[in-house]
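Let me begin by presenting the structure, written as structure tokens, before commenting on it.
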Amino acid sequence: MMDRAVHREIAGVAIPDLPGQMVIGGREVDAADGDRIETVDPATGRVFADVPSATLADVDAAVEEARKALRGPWRATLPAERGRILNRVAQLIRRDAERLAVIETLDSGKPLAESRGDVSTAAGYFEYYAGIADKLQGDGIPLGTDYMSFTLHEPVGVTAHIIPWNFPLVTTARGVAPALAAGNTAVVKPASQTPLTALALAGLLAEAGLPAGVYNAVTGRGGVIGDALCGHPGVDHVTFTGSVPTGINVMKVAADRVTSVTLELGGKSPVVVLADADLDAAVEGTLKAIYMNAGQVCSAGSRLVIDRKVHAAMLERLVARARQLSVGHGLGDPKLGPLVSDSHRRTVAAYVDGARARGIAVATGGGPVEVAGFEGGYFYAPTILDAVDARDPVVQEEIFGPVLAVQVVDSAEEAVDVANGTPFGLCAGIYTRDISRAMRFARDVDAGQVFINQYFAGGIQTPFGGTKLSGFGREKGLAALAAYYQVKCITARI
Ligand code: NAP
């Protein structure tokens, strides 16, 4: 049963009004059959809101509205005006930053400081891509004096965006901002566990002057409406961020209609620390790499690949720092919030319990945490598993929790092999004072992003995406735009 009253204030933070309807064609609507799904505060385990559970008819309606807007008002909007609208969106996100951050923390569990950072980044995506809206120009092609030949960068059409629960608003902005800048329209399906900020964003987009139907948000079960959206004849591109199995399914469904896809899937990214590294920077970088959002980050540095010569010193410092990290309700702004759900916490715990049973040393953490006042929350301790074999499941599989697997190596060359020794290839970090070694690592590692001496270095401007099971296509930066326009070549004999 819904119990909004319990959550009027938490940790001294007032709970704002919450969005509760989908947005289709500029109208706030319920599901066609009136069905709803509940969303839980992961720090209390209690339902605090509900949203419509869309039907297939709702998906059809959203895609139809997106198509109408594509051919109608959005096409008629000058590119420079598109840019102005997106800039206003950024301003409105910043105006409502605190409300959005509180909603994001309630929905996902992440610490308030992280949600504030996410909101700021979401605004940044709209600003960044606003600037490109009137600069997506083609080329003139020299065929000689008897021809005029040139290319246009046209929108691909209706874009579907399937969003995971770990970065709900940021992932929505990351896909929608470049899509709209390039003249496309969008249908967004947020994760069922975190649907609220995608709905809240709709109000801000409308206030900024975005024509009705350009951004539509449908909430509901991925297994019911996700397939329908990816295989919909009215959808021209799918941007999916989520797990590998779902991504494979999305690709198969989209293939039936030869719809293009961008897949941002999981990772098992290494943080390599060589013997000459600045250990202070490496310790702090590794902590952030694995414990941000309680490790529920696709690009998390979830493996520490460390030179044996500094293994003991680094581990001692890491363990001491990990034990200092506060765990609590996200609105109290601890270092770690809860995991997103009870079932996800059980999955994380099963990985760690399995490792322990196989004789792997648990250097710190290794179990759930009770937080006073929030006994129903899904908290898990910052955990470090030491000296893990390369074939072990905690090295090979994405745990998606606050669990660092340490792998010990004897040389920079071995570090590259170990770094590349999983089916994933999303990110890789290295700490060393030897720039040539760092660059050789960057050259040889299988990853879409490489961070040297600062894990997570970069931002909105730096292209992001994976190799191998981590997916394909790039988001962020100018590279993201390639998914959102098609090149038309026009050639005339004159
Ligand atoms: P997930 O289960 O794959 O869900 C992702 C999204 O797909 C949700 O909106 C989900 O909806 C939807 N979905 C479920 N079944 C679907 C189907 N048959 N067709 C289409 N959509 C469907 O992943 P998750 O558990 O939310 O997220 C965790 C995973 O995402 C991790 O593996 C992580 O590495 C990855 N991730 C990657 C990135 C990246 O940028 N590379 C970023 C964040 C997360 P429901 O919620 O309604 O089920």
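Below, each value reflects all heavy atoms present in this structure, side chains not excepted, and no hydrogens, waters or symmetry copies. Order of listing sets the numbers, starting from 1, for every ligand and every atom in it.
Closer than 4.0 angstrom to ligand 1 sit non-hydrogen atoms from I162, I163, P164, W165, N166, R174, K189, P190, A191, S192, G220, R221, G222, G223, G226, D227, F240, T241, G242, S243, T246, N249, V250, E264, L265, G266, C298, E398, F400, L426, F464.
For the residue pair Y484/T239, the side-chain donor-acceptor check at 3.5 Å is satisfied. Residues H237 and S260 have side chains that bring a donor and an acceptor to within less than 3.5 angstrom of each other. At a cut-off of 3.5 Å, with distance as the only test, no side-chain donor of S108 or T194 sits close to an acceptor on the other residue. For D58 and T55, the side-chain atoms include at least one donor-acceptor pair closer than 3.5 Å.
Of all the heavy atoms in T383 and G366, the pair that sits closest is OG1-N, 2.8 Å. Between H232 and V59 the shortest heavy-atom distance is CD2-CG1, 4.1 Å.
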